[in-house]
Amino acid sequence: MRAHRGGAMRVLGLESSCDETGVAVYDSESGLLGHALYSQAGLHREFGGIVPELASRDHVRRLLPLIRDVMDRSHTRPVDLHGIAYTAGPGLVGALLVGVATGRALGFAWGIPAVPVHHMEAHLLAPLLEQEAPPFPFLALLVSGGHTQLVRVGGVGDYELLGESLDDAAGEAFDKTANLLGLGYPGGPELSALAERGRPGRFQFPRPMTERPGLDFSFSGLKTHAVNTIRAHGGNEQSRADIAHAFVEAVVETLAIKCRRAMQATGLVRLVAAGGVSANRQLRQRLLRLAEEAGGRVYFPRAEFCTDNGAMIALAGCLHLQTGERAPLGFGAYPRWAMTSACGAGL
Ligand code: KG4
Ligand code: ZN
């Protein structure tokens, strides 16, 4: 295995946990050198959701050409790399295995370390790809299709879970409600656009679990509320937009209430929002206002790095390699993997 003797570290990142194939090259001194994403959304649209077997097969087709393309465009040869980071979980097991096996095999072939990365940890670190990166410690609101979590982040690998959803994730609630409103898949962005045309105040959705103390979430009740409201009032386009508006407002307000509570509980006023739903315009505006009121600051990844991508995986892998961590030679995919129990290359 080639040894790394200080200086800049260059890492290839591979993401294949769900329906996006992402590849990137990140350099600890020069930053992001190149990245590319292939979205399978078109492949799954007619089924109204992700078909796991189709996802795995498509990753197999896309991954190697994408790696070749990103390495060419970032003028990176295998010999220039110090490591390969791949998403090892959580996610769809077949989809994960494509990135895991490819990353591990290329690591062997090129004589460099291969680092398993936790997908949600990578989301959480994604704002560090930006010019104005948040300094540690900070609070992180992770809002994706599979997870809604509040995490206290002390540094790389130092994560304390403060609260999480007891049922549906915020993104899942967006997708399911979008589906009920007859919107396409994935529903989050379309529902958000419909909500912009809605009139405030016509419908009032609950703010689940905000009456009780604590930092956990529950979003499945909102979906039921949406079903009933659509049944009673969802006849025309304006009413559907009004319902979308009330739904988005409820999710955003619930997230903001819990963020404010977490800021008060921890004394931390730096907040990171990451994961697919953090691309949502209404949520961004609300959290900007919240941070201002708290005398703090909120940090987001750029919109394309809120949703799944290879850049956040390359960055997370690089940060772990820089701490001197090395992964065992075996490999595995972990469909369910708690971020706080075992994070980092040591697994
Ligand atoms: O982080 P992500 O790309 O994948 C997972 O790790 O799950 O998140 C995908 C989720 C989907 O539920 C999608 O509908 C939601 O993020 N999403 C949005 C927006 N963009 C993506 N939800 C609300 N507003 C958006 N603009
Ligand atoms: Zn994700």
Side-chain angles (χ1 to χ4, degrees), residues 13-22 24 37-41 44-45 48-50 52 55 86-92 95-96 99 117-127 140-149 151 164-165 168-181 183-196 198 217 219-220 222-223 226 244-245 247-255 272-287 300-313 315-316 334-337 339:
L14 312 179
E15 158 62 32
S16 73
S17 66
C18 196
D19 61 343
E20 246 118 29
T21 320
L37 188 80
Y38 179 82
S39 170
Q40 304 178 353
H44 302 288
R45 193 159 285 131
I50 299 163
Y86 57 85
T87 306
L92 301 169
L96 285 167
V117 168
H118 191 291
H119 182 82
M120 296 313 293
E121 181 193 19
H123 271 305
L124 175 163
L125 295 170
L141 172 70
L142 296 177
V143 272
S144 72
H147 295 80
T148 301
Q149 297 181 323
V151 183
E164 64 183 334
S165 179
D168 291 355
E172 200 176 351
F174 264 92
D175 293 340
K176 287 178 177 172
T177 304
N179 190 271
L180 292 169
L181 285 164
L183 304 172
Y185 165 84
E190 281 197 45
L191 180 54
S192 168
L194 181 63
E196 306 257 356
F217 304 90
F219 290 111
S220 65
L222 281 184
K223 185 189 58 202
H245 185 96
F247 169 84
V248 174
E249 194 179 46
V251 174
V252 166
E253 199 49 38
T254 303
L255 293 171
V272 153
V277 182
S278 70
N280 182 271
R281 211 181 58 79
Q282 294 96 325
L283 179 63
R284 286 184 172 234
Q285 281 180 343
R286 183 67 188 89
L287 294 182
F300 305 99
R302 72 193 82 159
E304 65 177 322
F305 295 156
C306 287
T307 43
D308 292 350
N309 64 85
M312 65 181 191
I313 306 300
L315 168 75
Y334 310 96
R336 289 172 183 275
W337 181 12
M339 184 167 63

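Counting begins at 1 with the first residue of the sequence. Both ligands and their constituent atoms are indexed starting at 1 by order of listing. Values reported hereafter were calculated over all heavy atoms of this structure, with side chains retained and with hydrogens, waters and symmetry mates removed.
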**Student:** side-chain contact (heavy atoms from CB on, under 4.5 Å) for E304 and N309? Distances and angles first, verdict last.
**Tutor:** CA-CA 8 Å; E304 65 177 322; N309 64 85; over 6 Å; no
**Student:** Please check whether G171 reaches ligand 1 - meaning an N/O of the residue sits under 3.5 Å from an N/O of the ligand, judged on distance alone.
**Tutor:**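 Yes; the residue has a nitrogen or oxygen that sits under 3.5 Å from a nitrogen or oxygen of the ligand.
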**Student:** For the Zn ion (ligand 2), what is the closest N, O or S atom on D308?
**Tutor:**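 Of the nitrogen, oxygen and sulfur atoms in D308, the Zn ion (ligand 2) lies nearest to OD1.
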**Student:** Could you walk me through whether H123 and M312 pass the side-chain contact (heavy atoms from CB on, under 4.5 Å) test, one step at a time?
**Tutor:** CA-CA 6 Å; H123 271 305; M312 65 181 191; 3.5 Å; yes
**Student:** Got an N/O contact under 3.5 Å between N280 and ligand 1?
**Tutor:**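 Such a contact does occur with ligand 1.
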**Student:** Is the closest heavy atom of G146 to ligand 1 under 4.0 Å?
**Tutor:**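 It does; at least one heavy atom falls under 4.0 Å.
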**Student:** Could you walk me through whether L124 and M339 pass the side-chain contact (heavy atoms from CB on, under 4.5 Å) check?
**Tutor:** CA-CA 11 Å; L124 175 163; M339 184 167 63; 3.8 Å; yes
**Student:** Give a yes or no on whether C18 keeps an N, O or S atom under 2.8 Å from the Zn ion (ligand 2).
**Tutor:**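 Not a single backbone or side-chain N, O or S atom of C18 is under 2.8 Å from the Zn ion (ligand 2).
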**Student:** Is it the case that ligand 1 has an N or O less than 3.5 angstrom from some N or O of G145?
**Tutor:**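 Such a contact does occur with ligand 1.
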**Student:** Can you find an N/O atom of G276 closer than 3.5 Å to an N/O atom of ligand 1?
**Tutor:**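 Right, the criterion is met.
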**Student:** Parallel, tilted or perpendicular: which one describes the rings of F247 and F174, with boundaries at 30° and 60°?
**Tutor:**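 Geometry flag for F174 against F247: perpendicular rings.
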**Student:** Heavy atoms only: which of T307, N309, D175 is nearest to atom 11 (C) of ligand 1?
**Tutor:**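 Nearest option to atom 11 (C) of ligand 1, by heavy atoms: D175.
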**Student:** Going through the checks in order, is the side-chain contact (heavy atoms from CB on, under 4.5 Å) test met by L181 and L191?
**Tutor:** CA-CA 8 Å; L181 285 164; L191 180 54; 3.5 Å; yes
**Student:** With rounding to the nearest 0.5 Å, note down the distance linking NZ in K223 to CG in N179.
**Tutor:**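 Those atoms lie 11.0 Å apart.
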**Student:** Has H147 got an N/O/S atom less than 2.8 Å from the Zn ion (ligand 2)?
**Tutor:**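 So H147 does not bind the Zn ion (ligand 2) by this criterion.
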**Student:** Please answer whether the main-chain N or O of A95 pairs with a side-chain N or O of S16 as donor and acceptor at a distance below 3.5 Å.
**Tutor:**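 Yes, the answer is positive, given that a donor and an acceptor are paired below the 3.5 Å cut-off.
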**Student:** Which value, rounded to the nearest 0.5 Å, describes the distance between H245 atom NE2 and L194 atom CG?
**Tutor:**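 It is 11.0 Å, given to the nearest 0.5 Å.
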**Student:** Taking N or O atoms only and a 3.5 Å limit, does M120 qualify as a polar contact for ligand 1?
**Tutor:**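 Not met; the criterion fails.
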**Student:** Would you please determine whether H119 falls within less than 4.0 Å of ligand 1 on a heavy-atom basis?
**Tutor:**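 Distance cut 4.0 Å: H119 passes for ligand 1.
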**Student:** What do you reckon, does H123 put a non-hydrogen atom under 4.0 Å from ligand 1?
**Tutor:**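 A heavy atom of H123 does come that close to ligand 1.
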**Student:** Do side-chain atoms of S192 reach the backbone of G188 as a donor and acceptor pair under 3.5 angstrom?
**Tutor:**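 Pair absent, no side-chain N/O of S192 close to backbone of G188.
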**Student:** Return yes or no for this condition: an N or O of E20 is under 3.5 Å from an N or O of ligand 1.
**Tutor:**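 Not met; the criterion fails.
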